[in-house]
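In the text below, chain A, chain B and the rest are named by the order of the sequence lines, each starting its count at 1. The structure presented is a predicted model; accordingly, all values stated were derived computationally and were not measured.
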Amino acid sequence: MAATVLTSYCCSSSLKPIDDSSKQLEETKSVKFPERARNSRRHPSRPSIKPNSPAVTRSLLALADSGCAMDSALQLFEKMNHSDTFIWNVIIRGLARNGLFSEAVDFYRRMEREGIRMDYFTFPFVIKACGELMWLTEGQRVHARLIKVGLDSDIYVCNFLVEMYFSVGCAELAEKVFEEMPQRDLVSWNSMVAGYLSAGDGFSSLGWFREMIGSGKKPDRFGVISALGACSKESCLKSGKEIHCLVIKNGIDLDVMVGTSLVDMYGKCGEVRSAEMVFHLIPLKNVAVWNSLINAYVVSGKSAESFACLRLMQEDQHMVPDAISLINVLPSCSQVGSLKECQSIHGYAFRKLLLPQVVLETSLVDAYGKCAAVRSAERLFSVISEKNLISWNTMIAVYVQNEKHEEALELFQEMCLKQYHHLKPDAITIASILPSYAELAMVNECKQIHALAAKFGSNTVISNALIHAYAKCGDLDTARRIFDRMPGKNLVSWNTMILAYGMHGFGETAIATFSQMRETGIEPDQGSFVSLLYSCSISGLIEQGWEYFNAMKSEYNIDPGIEQYGCMIDLLGRSGNLDAAREFIEQMPLPPTARIWGSFLSASRNNNDLASAELAASKISSLEHDNTGCYVLLSNMYAEAGRWEDVNRIKSLMKEKGLAKTTASCSVQIGGKSERFVYHDVSHREANMISEVLDVMLKQTGEDVKMNMKFRPVDLIKRRRGSPEGHAVRLAICLGLVSTAVGKPFVVRQNTRICKDCHRLAKKISRACNREIVVGDGKAFHHFNGGVCSCGDYW
DNA sequence: TTAGGGTTAG
């Protein structure tokens, strides 16, 4: 009988060729349950009343354990005697092991309904299934049941309960189960250490590990791996070293997984030499260890070593880089801004059939974006078949980082419309899109997002983005209020606040904020010095700027990056020493980027040095192809010098390259509404009134007849085509003057840099009207007050 | 018949 049953089931579906296993697995995942009998008396012919023979039971076990024959196991089960608890346990375990978690819970429910006796072996995998499904209520029902049947003190069952409660995000319940266990083994302790780590609380995880050691337990590889993961997460180098000693003492230092965790811990704590040392001591290395070492180099900014490590890995005959190897090395492409390396990794992934893989694809999108290859990022993003929230957020961030704010908003809106695909913006989406709203001076939208952000509770990432957004919208007070109310200020919060003061020309306050940060015990990073040096540059604090730049290496052991060098060129330009600025660029240890030459170009413009400006423009042109601002700035300098042939040459060059001059626009907030103007704008409903106010202001400030004698009449005629008389900023200032509260400052935003004429006029208006006028352009804010500007006439 | 693990994107 048993042989017949087995033969019939084997013939039906269970014995399939080995190379067809993936298909079998698919079939298993979509398994259909056979119709079961509701009442066995209706099916008197079924053999279920007879005890199950050992051979059939063994067959059931073999099918359920095989990993690809659950359908056959289920069919066999239906033919068997259901009163036997063992066969139910086998099926529940088999379903859970095959990832069929809800089916496992269904089977347990059926067992309950049919009144089958449950034992110690019934519960563990049902509990595991509840955890995997994040079904807290069902998990608690099972918990209640096992208390009822008196199995709640079983050490296996309790260990599964601890894990389940962590999986569903209830650390307190997990802890309660652990505390109430009559006996605990190493697995119980390890579950607590691993559970807190998976909950994202590395410190609690380490606390439990210490308690475990204190209770006299000898840690095994599982506990050590979790504890080292906690050290990596929280950058606890000291604890990591202590665990390393423990590992050597317990003789598990040669274990490849323990070794990987050690390499990872040292790498993430910035101790790359120790990571290398552990790596070399591991006798049998696998891909994961290599990947951890690559990551260690990346974390320490050692891009060249990370590329070399990947190459060495390829040269090792037994080692084949996988998707994680590439994911780990990609940030190095961003660090060095190497598009070629990025493309080469993309090509390798394609050739080695590592694509599609959403994490790798998303990492590539991010790397392309950071190498300013927005089109490549876009193309790749469009073909990711399984885009997830991180993929969308990454593409939005690529647009934002590359100042493609309209595109960022468009993608964000598309993402919001795709909510029916279960894609809901998270805190990072909100924080990523805020800079675009702020850059486009969409103040009301920023405020709406601020209101929306409340649903995320107190969220540091969002608060940091809000501080930046409000500062960018000219509302420094609200930015400071958000900063002061933040419960969890981090380094980024401080850096953002320093930058906020810097962009508004409050350099001294920026320095004071940096000192406050140090007093709270927070160590500065590269970003802190970008904020600080930028602030010194905007406020013309030349001496302090140099002091902090030199202190970076000597006091804080931080190598200045390309951005800090850029700030120093701004500072040198402000001191008027263009030769020194050029020498500084030539002696930099990093290759100058377009941003560096852009700073030199601004310095040349401010010092009216056309030859230097031409040098900068040619360098920029050789480094990138679409820098519109650079051409416009140079063209304006030629125009001011009356070199109209050169103006036309630049114009033709821009046309040839398909570059359109940015349409200058300006906005001012009036009664919660943004009023926008363009050049010579007469479309505003109050256009006549604005024009009259402007006339009065021009007369009052003596700017109504402005004859620059260095121009010949023909130059003046040509110059009038772009003359400052119709500049949008003047219209916005005039509307602001008459439409905002008397005596109160008001903010004007423009998307291009303010010209010299409008800057001079704004200073005079601020004195004539005794009003503070704030004008923000792409780089910083000009606070005009009493006839002077916070920028010190250098921008 | 019962458990846990390392390297991966914003």
- Ignoring hydrogens and angles, are the base of B/dG6 and the side chain of A/Asn286 linked by a donor-acceptor pair under 3.5 Å? yes

- Query: Any donor-acceptor pair under 3.5 Å joining the side chain of A/Asn190 to the base of B/dA3?
  - Reply: no

What is the distance, to the nearest angstrom, from the [atom1] atom on [X] to the [atom2] atom on [N]?
X        : N     : atom1 : atom2 : result
A/Ile294 : B/dG6 : CD1   : C1'   : 15 Å
A/Met212 : B/dG4 : CE    : P     : 17 Å
A/Asp366 : B/dT8 : CG    : C1'   : 13 Å
A/Asp154 : B/dA3 : CG    : P     : 13 Å
A/Met192 : B/dG4 : CE    : P     : 18 Å
A/Tyr266 : B/dT7 : OH    : P     : 16 Å
A/Asn159 : B/dA3 : CG    : P     : 11 Å
A/Ile127 : B/dG4 : CD1   : P     : 14 Å

Just to be sure I understand the rule, does [X] reach a base, reach only the sugar-phosphate, or reach nothing, if contact means heavy atoms closer than 4.0 Å?
X        : answer
A/Asp84  : nothing
A/Phe222 : base
A/Val256 : base
A/Asp322 : nothing
A/Thr394 : sugar-phosphate
A/Asp119 : base
A/Phe123 : nothing
A/Ser261 : sugar-phosphate

If you compare every side-chain N and O of [X] against the phosphate oxygens of [N] (OP1, OP2), does one of them come in below 4.0 Å?
X        : N     : answer
A/Asn295 : B/dT8 : yes
A/Arg93  : B/dT2 : yes
A/Lys370 : B/dA9 : no
A/Arg97  : B/dA3 : yes

- Task: For A/Ser235 and A/Lys268, work out which heavy atoms get closest and say how close.
- Result: OG-O, 4.0 Å

- Task: Please report the shortest heavy-atom distance between A/Val224 and A/Pro219, naming the atom on each side.
- Result: CG2-CB, 4.1 Å

- May I ask you to check whether A/Trp208 and A/Phe178 place their ring centres under 6.0 Å from each other? yes

Can you tell which of [options] lies closest to the side chain of [X]?
X        : options             : answer
A/Ser363 : B/dT8, B/dA9, B/dA3 : B/dA9
A/Ile225 : B/dG6, B/dT7, B/dG4 : B/dG6
A/Leu61  : B/dT1, B/dA3, B/dT7 : B/dT1
A/Val358 : B/dG6, B/dA9, B/dT8 : B/dA9
A/Phe125 : B/dT7, B/dA9, B/dT2 : B/dT2
A/Asn89  : B/dG4, B/dT1, B/dA9 : B/dT1
A/Thr362 : B/dA9, B/dT7, B/dA3 : B/dA9

- Message: Taking the six-membered ring of A/Phe107 as reference, does the cationic atom of A/Arg110 (NZ for Lys, CZ for Arg) lie under 6.0 Å from its centre and within 45° of its axis?
- Response: yes

- Query: Think A/Lys387 forms a cation-pi with A/Phe381, using NZ or CZ under 6.0 Å from the six-ring centre and within 45 degrees of its axis?
  - Reply: yes

- Query: Is the shortest distance from a Lys or Arg side-chain nitrogen in A/Lys352 or A/Asp322 to a carboxylate oxygen in the other one below 4.0 Å?
  - Reply: no

- Message: Once you measure the plane-to-plane angle for A/Tyr196 and A/Phe166, does it fall in the parallel (<30°), tilted (30-60°) or perpendicular (>60°) bin?
- Response: perpendicular

- Query: Going by 5.5 Å between centroids and 30° between planes, is there a stack of A/Tyr156 over B/dT2?
  - Reply: yes

